[in-house]
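Notes follow once the structure below has been shown.
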2 protein chains.
Amino acid sequence: MNSPRPDARPATPAPLGPAGANLAALRDHNTAVVLGLLRDAGPDGASRAELAARTGLTPQAVSKIGARLRAAGLATDAGRRASTGGKPPTLLRLVPDAAHAVGLHLDRDAMTATLVDLSGAEVATRTAPLAFGAGAEAVLDEVAALLDGFLPATTVLGVGVAVPGPLDHREGVLRKVTGFPQWDGYPLRDALAGRLGVPVIVDKDTNAAALGLLPRGGASSFAYLHLGTGLGAGLVLGGAVRRGERTGAGEFGHQVLQLDGPLCACGSRGCIEALCLGAVADGDMGRAARLLGVGAANLVRLLDIDLVLLGGRTVLADPAPFETGVAAVVGGSARVEVAGARSVVEGAAELVLARVFG
Amino acid sequence: MNSPRPDARPATPAPLGPAGANLAALRDHNTAVVLGLLRDAGPDGASRAELAARTGLTPQAVSKIGARLRAAGLATDAGRRASTGGKPPTLLRLVPDAAHAVGLHLDRDAMTATLVDLSGAEVATRTAPLAFGAGAEAVLDEVAALLDGFLPATTVLGVGVAVPGPLDHREGVLRKVTGFPQWDGYPLRDALAGRLGVPVIVDKDTNAAALGLLPRGGASSFAYLHLGTGLGAGLVLGGAVRRGERTGAGEFGHQVLQLDGPLCACGSRGCIEALCLGAVADGDMGRAARLLGVGAANLVRLLDIDLVLLGGRTVLADPAPFETGVAAVVGGSARVEVAGARSVVEGAAELVLARVFG
DNA sequence: TGCACTTTCGCAACACCGTTGCCAAAGTGG
DNA sequence: CCACTTTGGCAACGGTGTTGCGAAAGTGCA
């Protein structure tokens, strides 16, 4: 299928230096900010005066933005709230059905696709086994089959894909996924966009999970630690996922915790992944949790974050010892919680939605 | 002295939520971006067409911004460059003397003040001994004496202050500086701004140094490791200093590197600061460098940065073993360099200048 | 019941941003 | 000498958020 790709690069090339902004960018920014606040407000909606106070814009500007959103079908009136001594506020509310996003999680042995609406609520989910090692074309066939009839005709903004291992987020190209050399250099984003005919965004599974867990309006900096077949992290700093210069940030597994520890495949000694997985292999989840806790405490201190979220198969199989064990080491300086199993695939969808909101 | 403070809070209060932007913000942003490019271009200047290409703005917009800058005295014509087949470009250049910034480094036993022009070039520097433990009022007297007659009458944008230890960057209030309880909670920013009559910005010494080392147009993410009486770090991620939720980011000294290592005052075992300073106390700089290297390698992997800069008295007293020792452990994944002795005070001035440029 | 006040929001006019259209200036290259 | 390229300014324009003003719709007190 060679249908024209709607996600073609923007006509104006990206500037080489720090970007200037024009009126269109200004409008888009403010629109996204207001949309974000509307999403945070939920089905109850928010008044124009409220939005004005939160954004720093004048109420009049918010009114105009609201009118544009209503004309585009993205927002609608939602009745009014009780008066506080004056005219009761007219509420504006997001229209969740106005657009949808697809999250796709490709794991080593399974894949999950979820369709969410503009509010992030799940509409439908499909799961299928997957042989990630079968090669790119075979996997793409499987993905196309899974998504067949899954995408609404007109309201899909795009597909966010979460994959394990290193990749180039900007270009959507995979790099040396451990154990799967056949994927090295494969342009997953462009290939999938060509097949599906919608924009595609690719990111590491841990980054996607971190983005999906970004609490609406809550802590804007936290770390998501994923303990499964490996140990990785997704970092959200100041409300944005920290991907690093080469989308390599969050390589938490090879943080050295024991100078004279066992030799790791990466060449260092005492990597937290080797130590932690060793404890898991011994069935000693308490020790694994304490090791994870030491690494988490390092993160908390280094980055001054106040929330640590735990996920991954090993954690989810028996969350309690990890939650208490990590929290014990981290102490009072940060909260420790266990994230849900849907974190990754929800975050994959969020890769798409994040471009709509502020 | 109770002169009116020109750094009073902006008339419009900061928005509670994500900020919207208006036309004034748009103009200021673009102006700052162009000014930043002019600074990067140096005394040779840059053509309007060049600036347009780099910013993504139209040449006409750049022309208007340039006209405003010339009217404000911040930029001026700088002749023309050779033709490349058409009309030769008219060059625009920063006027370094148009404004100045002061950097002030308060250390435990000494203080340094430097006056820099808009281009960041040093104009004058003064140094004096300081008893940081003598208390806030006494130190402020010393600072006022040091800066007496040092500030140009009209062109000073502000004073950037770099201090050791924890503080609240947003409010400019010091917090529990190790060994100096008399400073806890002292509103250094407001007190100094009241005395000097110019805006004041306060930050941790390591953050200031990192900001000052941000290579113009070069690597936008790096770590600055400062080994002196303690061990700290300043993190620049994506072109901005990472300060954390409570300006506590960069607490590198208490990263645990040795699970069963010696007990540290912070309560953990095997903190890199204790290990590293122990090696320094033994006179074993090679070991200290390797320990620093393990911590640096952890940073490089975790944050995906490609530059590590070393500074602080211990490093500067004998840079060679640290540069080679850290580089040996970090390997090829990141460059390792030693920063100059003026990093902190230059960075303090940069705290002020950074608000002018993009 | 009446009236002053508060709060919210929209209409209209406005100021100002970057953009577009156009043209002059000033080089290169055949 | 002339066609072409490249640069940059002038003028008009479209569209952004802002300001001024007034209407709507409540509360609260006399």
Side-chain angles (χ1 to χ4, degrees), chain A residues 10-12 15 18-34 41 45-72 75-93 358, chain B residues 10-12 15 18-34 38 45-72 75-93 358:
Chain A
T12 51
N22 57 20
L23 286 171
L26 179 74
R27 183 197 54 212
D28 290 350
H29 170 80
N30 286 340
T31 305
V33 166
V34 169
S47 76
R48 287 155 181 77
E50 224 173 86
L51 296 172
R54 280 206 209 287
T55 57
L57 296 172
T58 61
Q60 199 48 235
V62 174
S63 266
K64 287 192 181 182
I65 293 169
R68 283 202 302 263
L69 290 177
R70 288 198 313 186
T76 187
D77 277 331
R80 35 180 61 181
R81 194 178 290 154
S83 163
T84 62
K87 173 176 174 178
T90 315
L91 298 173
L92 205 61
R93 158 178 83 73
Chain B
T12 49
N22 56 21
L23 287 173
L26 180 73
R27 182 198 53 210
D28 290 350
H29 170 79
N30 285 339
T31 304
V33 166
V34 169
L38 286 181
S47 76
R48 286 153 181 78
E50 223 172 86
L51 296 171
R54 280 207 208 286
T55 57
L57 296 171
T58 61
Q60 198 48 234
V62 174
S63 267
K64 287 192 179 180
I65 292 169
R68 283 201 303 264
L69 290 177
R70 287 198 314 184
T76 187
D77 278 331
R80 34 180 63 181
R81 194 179 291 153
S83 163
T84 61
K87 173 176 173 177
T90 315
L91 298 173
L92 207 60
R93 157 178 84 73

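To find a chain, count down the sequence lines: A is the first, B the second, and so on, and within it residues start at 1.
Nucleotide D/dG8 holds its P atom 11 Å from the CZ atom of B/Arg70, rounded to whole Å. One interatomic measurement links the two molecules: CG of B/Leu91 to P of D/dT7, which rounds to 11 Å at whole-angstrom precision. Between B/Leu26 atom CG and D/dG17 atom P there is a gap of 10 Å when expressed in whole angstrom units. Rounded to whole Å, the distance from CG on B/Leu92 to P on D/dG8 is 9 Å. The nearest whole Å value for the distance from the CG atom in A/Leu51 to the P atom in D/dG17 is 14 Å. When the P atom of D/dG15 is taken as reference, atom CG of A/Asp28 falls 14 Å away, rounded to whole Å. Between the CZ atom of A/Arg48 and the P atom of D/dA24 there is a distance of 17 Å, given to the nearest Å.
Between B/Arg70 and B/Asp77, some side-chain heavy-atom pair lies under the 4.5 Å cut-off.
Neither OP1 nor OP2 of C/dC17 sits under 4.0 Å from any side-chain N or O of A/Arg27.
The nucleotide whose nearest atom lies closest to any side-chain atom of A/Arg68 is, among D/dT16, C/dG10, C/dC17, D/dT16.
Here the shortest heavy-atom pairing between B/Ser63 and B/Arg48 reads OG-CD, 3.5 Å. Nearest approach of B/Glu50 to B/Ser47, heavy atoms of both residues: N-OG, 3.0 Å. When all heavy atoms of A/Pro18 and B/Val33 are compared, the pair lying nearest together is O-CG1, 3.4 Å. For the pair A/Ala82 and A/Pro89, the tightest heavy-atom approach, listed with the atom from each and the gap, is O-CD, 3.9 Å.
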Query raised in the report: Which parts of nucleotides 19-30 of chain C does protein reach within less than 4.0 Å, heavy atoms only, written one letter per nucleotide 5' to 3' as B for base, S for sugar-phosphate only and - for none?
Result: BB----BBBS--
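Between B/Ile65 atom CD1 and B/Leu57 atom CG the span is 5.5 Å, to the nearest 0.5 Å.
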